[in-house]
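First the proteins, then the strands, lettered A, B, ... as listed; each starts at 1. All figures in this text were calculated on a predicted structure; none of them were measured in a lab.
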Amino acid sequence: MNENKKLVLIDGHSILFRAFYGLPDLTTSKGQHTNAILGFLNILYKILDEEKPDYLAVAFDTHHPTFRNEMFDEYKGTRKPMPDELREQVPVMKELLKAMNISVIEKPGFEADDILGTLATKAEKEGYQVSLVSGDRDLLQLASDKIKVRIPKTKQTGTEIEDYFANDVMEKYNVTPKQFIDMKGLMGDKSDNIPGVPGVGEKTAQKLIVEYKSIENLYEHIDELKPGKITNALMENKELAFLSKKLATICTDCDLMFNIEEAALKDIYNENVYILFKNLEFKSLLARFQSVEINRSLNIEENFKVIDNLGEAERIFNLIYSEISSGNKKPVGIHMLIDNGELLGVSLCFGEKDVYVILRHGLITEDFLTDRVENIVKNKIGLAVIGLKEQLKYIKVTEDDSVFDNAIAAYLLNPLTDTYNYDDIARDYLGMTVPSQVDLLGKSKLKDAMENNPKEFGLFAGYNAYVAYAAASKLKDKLIETDMLKLYEEIERPLIFTLYDMEIRGIRVNKEALKEYGDQLEVGILSLEKQIYELVGETFNINSPKQLGVILFEKLRLPFAKKTKTGYSTAADVLEKLQGEHPVISMILEYRQLTKLKSTYADGLASYIREDGRIHGKFNQTIAATGRISSTDPNLQNIPIKMELGRKIRKVFIPEDDYVFLDADYSQIELRVLAHLSGDERLINAYNEAKDIHRITASEVFHTPFEEVTPLQRSNAKAVNFGIIYGISSFGLGQDLNITRKEAERYIEKYFETYPKIKEYLDGLVAKAKKDGYSTTLFGRRRPIPELTSSNFMQRSFGERVAMNSPIQGTAADIIKIAMNRVNRRLKDSNMRSRLILQVHDELLVEAHKDEVEEVMKIMTEEMQGAAKLKVPLETEVKIGNNWYEAK
DNA sequence: CACGTCACG
DNA sequence: ACGTACGTGACGTGT
């Protein structure tokens, strides 16, 4: 009977615990912790894949006021309560298991161990093959010929499982599974509140049990033992030893009503599980559901209609235009289907049941579609989209038209997530689970999908319009609730158009000069490479930190300062300290510099130059948690400037003929923002006197007359000023200045003595963020800081630094965004040829026509300085040049 | 695809 | 005792 049936029993809490400590702290976009659940599922799936069991059950302890934690318990001898980040995951895990139709066994008065022991033994007797899965070695006492104890280990490379049948236990520990109980009786287990015999540890216990087989037999022969401390302890604690053995024994015949047939596996991959995974944002696990027809039951999909003939298309647009008279004020959800800059069609939604996908086909031309869409706004009907900037090429609207961008709104409401696609917005604001683009189309291009996968393509298009339509009002309400509507309407929404303009304009690059620059680098690289190989005596890949580490710290035996997770650190700050030790170090540093410039800048930028001789990078508005803009494809915000060699690359960025570059940057905008926000009179006065701020800080902090401040004092003060903005920590400052933590602490102390209001302000920021759960900028932009509630010191400290930094960095970001919008608008409104083309956080670059230079300089200065009225002046410096090098 | 490294503010 | 400065993006290596 049951010979070929497999039963898997899982120790729920112990696996959750293992998973919790084995994985980094993962959370959903809403801040729900998920690492333990994910780790549990990874182990569960591995076991399901490997064993393909017929039956599976998970046992949980019913009451857990405290919980085992080996790491702390064994060393400290105290129990540590379950961290909140783990506690909140337990009920979710149980819910998930129930959704998977997996038996969850918890009986008041029984520990999970005893449930597992009883069921395993019962199943064994009935002939099942049994696997017991636990993170705890305690269960080894249950191993037999038919009961396999499986202990998963979370390693970097994935999950590995150690398997123990009875003979494996014997092989590894020289004791039988039953004798494991005796061992534990002697050595005890703090985490399980088993006292054991004082002074007897694992080694002694193992030795004694190997020799005497059991505690009973040991005490029968106690007089044979050599006299000594251990023997004394054994004799004095005989009762304790027997009690401990009893406590260590897992019950195998508990009075438990559970029929193994109840644990039969069925329908693990169902829609409920899929939805839970989606909510937990376990994107990688969703792949397991591919073969399952799920969430197609959503009835909105049934209303999606695909149209490819002109008459029908005309009818739809007319239907939309007629909405004006019907008094329907809801914006029309719209999504332009674009692949590689080509318009494939448009999807529209103007009611729960009115979702249309109109394909560009035959008489439905690109012009037809863009005209008809433009007509919607000209008829004063609002639009709602997800990601306006990416669609502006075909949605011909201006700032004055009514268009609501759900993606931007969602970013403001939670800037911590990485994507704001229709499925994300549906999940977060409609409480709906809809298939994502990858679910529907995989990695295929939109155009290919349209041809080969028309049904799924239609769904993708339809969902985009539907979600844009349905979520808009909810997002707008949330913006009002969170006092961010003004931020959205007055800063972010206009910025969409500003950034679009900048992307279209691009920046001109001298292709030949860039090539020449790269060739020069190549010469230097080859020469350095040769010299390095000669010095070291062998060739190797200098770009591989791993190989370089072996050469420097093993072959050359240089002292290594830092280690990374994977080996020796060869970072620049480490190598710089080694410069005196070996001539090869300087060469490696120079080699690194050159290869970086070659690969990222010389070669990297060249591949982005388009037909028009310009680079059209992207400016991303929904990436940075603080509200900054980011730049990609390529990143034009990290073009070298600090080192002369790298700085030279700026000479290849040139204005169009008859134009020049005007580059304006704010002077220490973040420190000025800090002065304003903190209201510290001393700092405000310093800025109103308009003197060298770092020097003033040095003078005041080090009690030195302004004129006598040494360069070292000034640069130290500068580092402290930076530190303040970053959310000061003595460790970080020490690292930066290469001084001890203690010395750094003194600097900080002195700084706060000098500027007491700043200390008060920063403390207040942390307190407020802890209370609210988020930080706020001068213009109301929020950044949630879930780390502030972490029980982990490191994470909490990080949260505190973020609480200090985000309002400062974020307010500066708000200000320059205002300036960008205004500069862009004024240049356009006055019909000037000059145009804004770049933003680098505190700097704006305008490609200005020669005839307009004076006027543009005035506009830039006015708008940048006037972007916000602070208690200190916002100073700017404008420079002119025939390339970006000259203009900085 | 994660990691180390390094470019910028 | 813990082990970091804040915010980004791109490249090359190695699994």
Using the side-chain heavy atoms of [X], tell me which of these nucleotides is nearest: [options].
X	options	value
A/Tyr726	C/dC6, C/dC11, C/dG9	C/dC6
A/Asn620	B/dG9, C/dG9, C/dT4	C/dG9
A/Asn635	C/dG3, B/dT5, C/dG9	C/dG9
A/Leu733	C/dA5, C/dG14, C/dG3	C/dA5
A/Phe793	B/dC6, C/dG3, C/dG14	C/dG3
A/Ile641	C/dT8, C/dA5, B/dG9	B/dG9
A/Lys596	B/dT5, C/dC2, B/dC3	B/dT5

Report summary line: Contacts of A/Asn541 and A/Ala719 projected onto DNA chain C by closest heavy atom; the upstream (5') one is A/Ala719
Query raised in the report: Between A/Lys562 and A/Asp573, does at least one N-O distance fall below 4.0 Å, as a salt bridge requires?
Result: yes
Would you indicate what [X] reaches in the nucleic acid, counting non-hydrogen atoms under 4.0 angstrom: base, sugar-phosphate, or nothing?
X	answer
A/Gly727	nothing
A/Thr595	nothing
A/Asp842	sugar-phosphate
A/Gln735	nothing
A/Gln547	sugar-phosphate
A/Ala813	nothing
A/Ala812	nothing
A/Arg783	sugar-phosphate
A/Asn638	base
A/Ile808	nothing
A/Ser806	nothing

**Report entry** Pair partner, C/dA5 [Watson-Crick or wobble, under 3.5 Å]
**Finding:** none
Query raised in the report: Is there a Watson-Crick or G-U wobble partner for B/dC1 with both distances under 3.5 Å, and which nucleotide is it?
Result: C/dG14
Query raised in the report: Is the side chain of A/Arg614 donor-acceptor paired with the backbone N or O of A/Gly506 at a distance under 3.5 Å, no angle test?
Result: yes
Query - Pair A/Glu492-A/Gln621, side-chain hydrogen bond (donor to acceptor under 3.5 Å, both in side chains): steps then yes or no - result: CA-CA 8 Å; A/Glu492 297 296 336; A/Gln621 204 179 341; 2.7 Å; yes
Report task. In whole angstrom, give me the gap between the C1' atoms of C/dG3 and B/dA7. Result -> 25 Å
Query raised in the report: Given the P atoms of C/dT4 and B/dC3, what is the spacing between them in whole Å?
Result: 14 Å
For atom [atom1] of [X] and atom [atom2] of [N], their distance in whole Å:
X	N	atom1	atom2	value
A/Arg592	B/dA7	CZ	C1'	14 Å
A/Leu26	B/dA2	CG	C1'	14 Å
A/Tyr601	B/dT5	OH	C1'	12 Å

Query raised in the report: Per the atom types in the model, does the base of C/dT4 pair as donor or acceptor with the side chain of A/Ser797 at under 3.5 Å?
Result: no
**Report entry** Stacked cation flag A/Arg782 on A/Tyr774, 6.0 angstrom / 45 deg
**Finding:** yes
Requested in this report: Assess whether side-chain hydrogen bond (donor to acceptor under 3.5 Å, both in side chains) is satisfied between A/Tyr747 and A/Asn716, documenting all intermediate values.
Outcome: CA-CA 9 Å; A/Tyr747 281 15; A/Asn716 285 347; 3.2 Å; yes
**Report entry** Nearest non-hydrogen partners of A/Ser806 and A/Thr626, listed with the distance
**Finding:** OG-CG2, 4.0 Å
